[in-house]
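Every chain is numbered from 1, with letters handed out A, B, ... down the list of sequences. On a predicted model such as this, the values are computed, not experimentally measured, just so you know.
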Protein chains: 2
Amino acid sequence: MKKELSTEDKIKEAAKTVFLQKGFSGCTTREIAKAAGMNVALVCYYFRSKDQLFQLIFQSILEEFVFSLIQVFQEEMPLQDKMRILIQKRYEFVEKNPEFPNFIHNEIKRNAEFMQHNKKVFDKIASSGIFEEALIAQQKGEMRQIDMFHITMLIMSNCDFPFISRNFHISTQELTEEEMTEKLSEHRHIVSDMLMNYLFPNTTHS
Amino acid sequence: MKKELSTEDKIKEAAKTVFLQKGFSGCTTREIAKAAGMNVALVCYYFRSKDQLFQLIFQSILEEFVFSLIQVFQEEMPLQDKMRILIQKRYEFVEKNPEFPNFIHNEIKRNAEFMQHNKKVFDKIASSGIFEEALIAQQKGEMRQIDMFHITMLIMSNCDFPFISRNFHISTQELTEEEMTEKLSEHRHIVSDMLMNYLFPNTTHS
DNA sequence: AAGTAATTTAAACATTTGTTTAAATCATTT
DNA sequence: AAATGATTTAAACAAATGTTTAAATTACTT
């Protein structure tokens with residue numbers, strides 16, 4: 001059923017996998033071609049250059065990432081529930097796309113202007129109204145009064161880092177892949193508990 | 001005063017800077033040589049190969065990293081204080097070496113065996129007795145009863161990630177370098193508060 | 001079926017990059 | 001000062017890598 005992909009799409013899929021796993025500098029066009037079961041020249045035929053192919057992939061991945069966030073913001077429910085779900089969704093998103101955070105950070109480092117090209121995507125978060133909603137909750141005393149910067153950072157730190165550092169912990173604590181997967185699955189509840197307790201201190205949390 | 005370095009040491013220093021900033025795949029021997037103000041051939045003359053030079057740098061950085069942790073464990077004080085200081089020291093260490101965490105994760109990904117060569121270094125953490133100490137505190141009910149895996153993960157997540165994602169937040173939230181540095185400095189107190197509250201729930205924290 | 005355009009392939013090209021070589025320079029010892 | 005060994009340099013080499021070319025194949029239209 002997956003056989004019916006065009007050559008162009010096969011290369012795109014392979015490129016996504018390889019770029020996510022190894023980053024731009026860490027892989028070659030030949031590697032991507034091979035992963036797609038294609039000739040080297042075909043990569044250039046369809047995408048002109050490695051840079052252009054990367055730009056394309058990067059953008060699509062970035063959108064996927066941002067949309068997964070916005071999806072939650074737009075729901076109709078109390079901020080506290082929204083936050084809990086946000087944390088959960090975020091954690092699960094990274095669980096499914098564990099290479100993702102590292103990928104973004106590496107490529108921003110390699111080329112800081114990348115993000116400027118994709119700023120529009122991030123504006124969608126701001127225009128979702130989530131920040132205003134949080135401000136109101138803070139004024140009501142429902143939510144801890146700290147800058148949105150810190151809130152964002154706390155959520156991302158605790159949801160993204162475990163997967164960024166997956167191999168590190170496997171190595172240093174001598175875990176198997178399966179044990180690690182299990183641990184990371186457990187960890188979500190701890191993260192959720194800790195963050196919700198901290199962000200909404202006056203509430204009893206199940 | 002810094003002029004009195006030997007050629008070998010100049011190359012080592014340059015290599016450390018460049019490797020930390022760009023990773024192994026992200027830089028060239030010529031780049032390192034240039035950063036050291038040296039000839040390309042000198043890099044190979046003193047270190048035989050890029051791989052060997054990298055191995056050397058990696059190991060020294062890793063030791064620096066681990067020793068900064070152990071230092072705290074060995075002090076004589078209640079676990080709760082030890083933890084607070086650990087969090088603080090860890091945060092400050094990454095603040096001073098912001099490229100560090102990303103560097104480690106990237107190179108582990110590139111070559112998983114790297115860590116196996118340096119396992120001895122990490123054993124020193126275990127033999128510091130910190131884990132036993134934590135277990136006792138948990139049995140006494142002083143400390144939240146969660147696996148050391150999760151505790152380690154929480155601390156590292158909140159201390160390391162802010163610096164890993166520094167450029168990401170600068171880009172997406174349109175901050176200047178100075179604003180970001182300031183924010184990250186504030187963030188330490190939030191991290192410390194949140195973690196201490198979570199790990200030692202029955203205590204009042206200043 | 002012939003002709004046309006798109007796709008695919010193998011080969012080649014130019015650059016980059018890790019490494020080596022052989023000569024030149026410098027420092028140190030005798 | 002001569003000689004010896006260490007250090008430095010420029011040049012070269014081989015392999016890898018991004019990209020292009022030109023021919024071969026396929027798909028599609030008339």
Peer 1: What orientation do Phe100(B) and Phe93(B) show, parallel under 30°, tilted 30 to 60°, or perpendicular over 60°?
Peer 2: perpendicular
Peer 1: Is the distance between the ring centroids of His105(B) and Phe161(A) under 6.0 Å?
Peer 2: yes
Peer 1: Quick one: do Glu186(A) and Phe149(B) satisfy side-chain contact (heavy atoms from CB on, under 4.5 Å)? Show the steps, please.
Peer 2: CA-CA 11 Å; Glu186(A) 282 170 38; Phe149(B) 170 89; over 6 Å; no
Peer 1: Report yes if the side chains of Leu135(A) and Phe131(A) come closer than 4.5 Å at any heavy-atom pair, otherwise no.
Peer 2: no
Peer 1: Side chain of Thr28(A) only, please: which of dT19(D), dT17(D), dA12(D) is the nearest?
Peer 2: dT17(D)
Peer 1: Counting only side-chain heavy atoms from C-beta out, which of dT20(C), dA10(C), dG18(C) sits nearest to Asn39(A)?
Peer 2: dA10(C)
Peer 1: Of the listed nucleotides (dA12(D), dT17(D), dT20(C)), which one gets closest to any side-chain atom of Arg30(A)?
Peer 2: dT17(D)
Peer 1: Quick one: Leu42(B) CG to dT20(C) P, roughly how many Å, whole number?
Peer 2: 14 Å
Peer 1: May I ask you to check whether Phe19(A) and Phe54(A) place their ring centers less than 6.0 Å from one another?
Peer 2: yes
Peer 1: Give the rounded distance in Å between these two atoms: CE of Met38(B) and P of dT7(D).
Peer 2: 13 Å
Peer 1: Which heavy-atom pair separates Leu53(B) from Val43(B) by the least distance, and what is that distance?
Peer 2: CD2-CG1, 3.9 Å
Peer 1: Establish, with yes or no, whether the OP1 or OP2 oxygen of dG18(D) is under 4.0 angstrom from a side-chain nitrogen or oxygen of Thr29(A).
Peer 2: yes
Peer 1: Kindly state which residues belonging to residues 45-55 of chain A come within less than 4.0 angstrom of DNA chain C, counting heavy atoms of the residue only, listed by number.
Peer 2: Tyr45(A), Tyr46(A)
